[in-house]
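Everything below concerns the one structure shown next.
Small disclaimer: the values here were computed from a predicted structure and weren't measured. Letters A, B, ... are given to chains in the order of the sequence lines, protein chains preceding strands, and every chain is numbered from 1.
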Amino acid sequence: MWRNELRDRLLAMAKRRGFIWPAFDIYGGLRGFYDYGPLGSELKRNIINLWRKYYVLGEGFAEIDSPNLSPEDVFRASGHLDKFKDLMTVCTSCGAAFRADKLVKTENADSLSADELWEEMKREGVKCPECGGELTKPEPFNLMFGTHIGPKGKGERAGYLRPETAQAMFMDFQYLYRYFREKLPFGAVQIGKGFRNEISPRQGLIRLREFNMAEAEIFFDPEEKDWPGFEKVSDENVRLIPNTGGELLMSIGEAVQKGIIRSRALSYFLGITKKFLLDAGIDEGKLRFREHLRDEMAHYADDCWDAEVLLSYGWVEVVGIADRTDYDLSRHMEYSGENLKALRKYPETREIEVTEVIPDYGKLGPLFKKDAKKVAEALISLGPDIAGDITVSADGKEYTVPESAYRVEKVKKKVSGEEFIPHVIEPSYGIDRILYAVLEHNYKEVIDDGETYRILSLPARIAPIKAGVFPLMAKEGMDKKAMEIYEMLRNEGINAFYDHSGSIGRRYARMDEIGTPFCITVDYQTLEDDTVTMRNREDKRQERIPVKEIAKKIADRIDGGIL
RNA sequence: GCAGGCGUGAUCUAGUUGGUUAGGAUUAGGGCCUUCCAAGCCCUCUGCCCGGGUUCAAAUCCCGGCGCCUGCACCA
């Protein structure tokens, strides 16, 4: 386990070198908000691009980009307005705060309103568990940041900063469904900011009030149990902690076969997640997948596995892979009145016979006037097993429909498929947490000659700077030559860094500290034969290569993932 | 939100029975030197978290705020 001093030194380095800075620092800072400095921004971008490589290029999912701020309706439908909050009660004598629903004995206490809960607390005589003092009436604390959209007054609407990027992908379902030419499964992704008004953010990048997330929503037919591409990951070994207890090490395929992971679709994204995290530089020995306990699940989830990484803070969730079933689409259908269903097409259009009740509106109209429509609907809802004069009730009133006002008939219909609400699997990645974990898992200190030497062993593909370019000494044209190479690399799209100050060893050390995988040095021989040395961060070995080949060599190693 | 600990340049730190221009090291920038892994020499920049109070005088004592760490709670 990490000592905190080591973490402190990593964070000091991250601040000093421009990875992470406290936001609003000159005004004293604010908990839960950080700036990414130049290296941090680049690192974040590289991690996100790696994620895109998996989800957009790899899976063929479609990326969308939607507003951070949403009108209230969205969260009424999503459930965040009601559920993404806690009723807090505070002790009047010792000041301790509690979730009020955890203090009462009633079943389903979390579904009670503040008033109901307050009544229940009084009835049970609940006192402060800490000191026995009196508790205040529970007050809701919603974790969403609220604001007003539009000018105060008539045009004003309540709005909230989104606590997750997911909702837009549900709201855009119809567009996406058409974009994918009405074929399931398909996936949509969004990379962006989420906002949560955490009561007490701690632990640096681990709990932020404004954070970066990358989410995918994969829509699929719940009857399609199989998952395309499942074989790609079925041999991946993973450490699993199912909610039935215990810890298991087995392949994805085996876990599905034994029913430990309930769906192939869900398990597929466990496998993809593992591959992505390892590519990003997460240590496999510090990675596990843990299934949520039933009472731990978010309000929208049916099953959920978290990817957790071991950090100096303990095991921390970095990815949540949830089966949201049809919760979101159903809710948005209910609240918006729109049809968010997909069609399960039959191989060919079928002609089926159905027995239907067919009201005779020509008779019903004169009989029931304004109520005719309601009566007809009530009649149809009785189903085809009716005969004779029928009494139906609508809106509390009874109507007698004579036999002559309807008929029951077999009719032929063409049916091309059946409608259903797709289910959704959601892998949700916390980019900031992943970025921090990558730093911790790759930060090393070596004591060399009594001096602490720091190396950040970032995978080459996510390292913010790919190559340092130095003249051995800044004279006799070596500096000029190095500068030329530096510019050449940048023109090739390789983020490089030129440095001629101090000794060559110091410059290597500076690059090692920020995770630069390669260093190019121009020496006297370069002036003769146009070759340079290329040094590898991990083993400090050098090879001599022609200037012409530098860019290609570096590019190859980044894409090939040598490091 | 509560409790405890902490807060001196970018980093580490000296300095608190209140008492001159807050000292050092590292880093960073400039220069000299230097033929590949934090060498050396010279010069230079950056600081008492913020606000209020006590006092002739506050980095030092008191109060509040902010931030960091730990625990509880919360969140995922």
Could you check A:Tyr34 against A:Asp432 for side chain to side chain donor-acceptor pair (under 3.5 Å), going step by step and ending with a plain yes or no? CA-CA 10 Å; A:Tyr34 283 87; A:Asp432 312 273; over 6 Å; no
Ignoring backbone atoms, establish whether [X] has a side-chain N or O less than 4.0 Å from OP1 or OP2 of [N].
X	N	value
A:Thr533	B:C36	no
A:Arg506	B:A28	yes
A:Arg510	B:A28	yes
A:Arg31	B:C68	yes
A:Arg7	B:U70	yes

Partner lookup for [N], please. Criteria are Watson-Crick or G-U wobble with both distances under 3.5 angstrom; report none if nothing qualifies.
N	value
B:U20	none
B:C74	none
B:C41	B:G31
B:A59	none
B:A10	B:U26
B:G64	B:C50

Base, sugar-phosphate, or nothing for [X], non-hydrogen atoms under 4.0 angstrom?
X	result
A:Arg290	base
A:Gly320	nothing
A:Arg507	nothing
A:Tyr453	base
A:Gln542	base

State which residue, out of A:Glu215, A:Glu217, A:Glu317, fulfils the side chain to side chain donor-acceptor pair (under 3.5 Å) condition with A:Ser428.
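That would be A:Glu215; it is the only one of A:Glu215, A:Glu217, A:Glu317 passing the side chain to side chain donor-acceptor pair (under 3.5 Å) with A:Ser428.
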Taking atom [atom2] of [N] as reference, at what distance in whole Å does atom [atom1] of [X] sit?
X	N	atom1	atom2	result
A:Arg17	B:A28	CZ	P	8 Å
A:Gln203	B:C72	CD	P	11 Å
A:Leu293	B:C75	CG	P	14 Å
A:Leu11	B:C6	CG	C1'	16 Å
A:Phe145	B:C75	CZ	C1'	13 Å
A:Leu10	B:U11	CG	C1'	14 Å
A:Leu30	B:C50	CG	C1'	15 Å
A:Glu215	B:A76	CD	P	13 Å

When A:Arg454 and A:Asp499 are each assigned the nearest nucleotide of RNA chain B, the 5'-most assignment goes to A:Asp499
- [ ] Please tell me which of A:Arg433 and A:Lys540 maps to the more 5' nucleotide of RNA chain B, matching each residue to the nucleotide holding its nearest heavy atom.
- [x]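 Comparing both residues, the 5'-ward one is A:Lys540.
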The side chain of [X] is closest to which nucleotide in this list: [options]?
X	options	result
A:Ser503	B:C36, B:A39, B:G30	B:A39
A:Tyr313	B:C36, B:C69, B:A38	B:C69
A:Glu317	B:U34, B:A76, B:C37	B:A76
A:Arg207	B:C74, B:U34, B:C37	B:C74
A:Tyr34	B:C75, B:G29, B:C68	B:C68

Taking atom [atom1] in both [N] and [M], compute the distance separating them and give it to the nearest angstrom.
N	M	atom1	answer
B:U17	B:C62	P	13 Å
B:A10	B:G71	P	29 Å
B:A25	B:A3	C1'	37 Å
B:G67	B:C48	C1'	16 Å
B:C49	B:U16	P	16 Å
B:C61	B:A14	P	15 Å
B:A39	B:A28	P	10 Å
B:C50	B:C66	C1'	7 Å

Under 6.0 Å between the ring centres of A:Tyr508 and A:Phe470?
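Yes; A:Phe470 has its ring centre under 6.0 Å from that of A:Tyr508.
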Below 3.5 Å, does any donor atom in the side chain of A:Tyr508 face an acceptor in the base of B:C36, or the other way round? yes
Checklist entry - With a 3.5 Å cut-off and no angle check, do the side chains of A:Arg162 and A:Ser70 form a donor-acceptor pair? => result no
Checklist entry - Just checking, is any N or O donor in the side chain of A:Thr531 or A:Asp529 under 3.5 Å from an acceptor N or O on the other one? => result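 A:Asp529 and A:Thr531 do have a side-chain donor-acceptor pair below 3.5 Å.
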> Is it true that the NZ or CZ of A:Arg290 lies under 6.0 Å from the centre of A:Trp315's six-membered ring and within 45 degrees of the ring axis?
Replying inline: no
Original post:
Checking A:Arg490 against A:Tyr498: charged group under 6.0 Å from the ring centre and within 45 degrees of the axis?
Top reply: no
Checklist entry - For A:Leu278 and A:Asp283, which heavy atoms make the closest approach, and how far apart are they? => result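 For A:Leu278 and A:Asp283, the tightest heavy-atom pair comes out as CD2-C, 4.4 Å.
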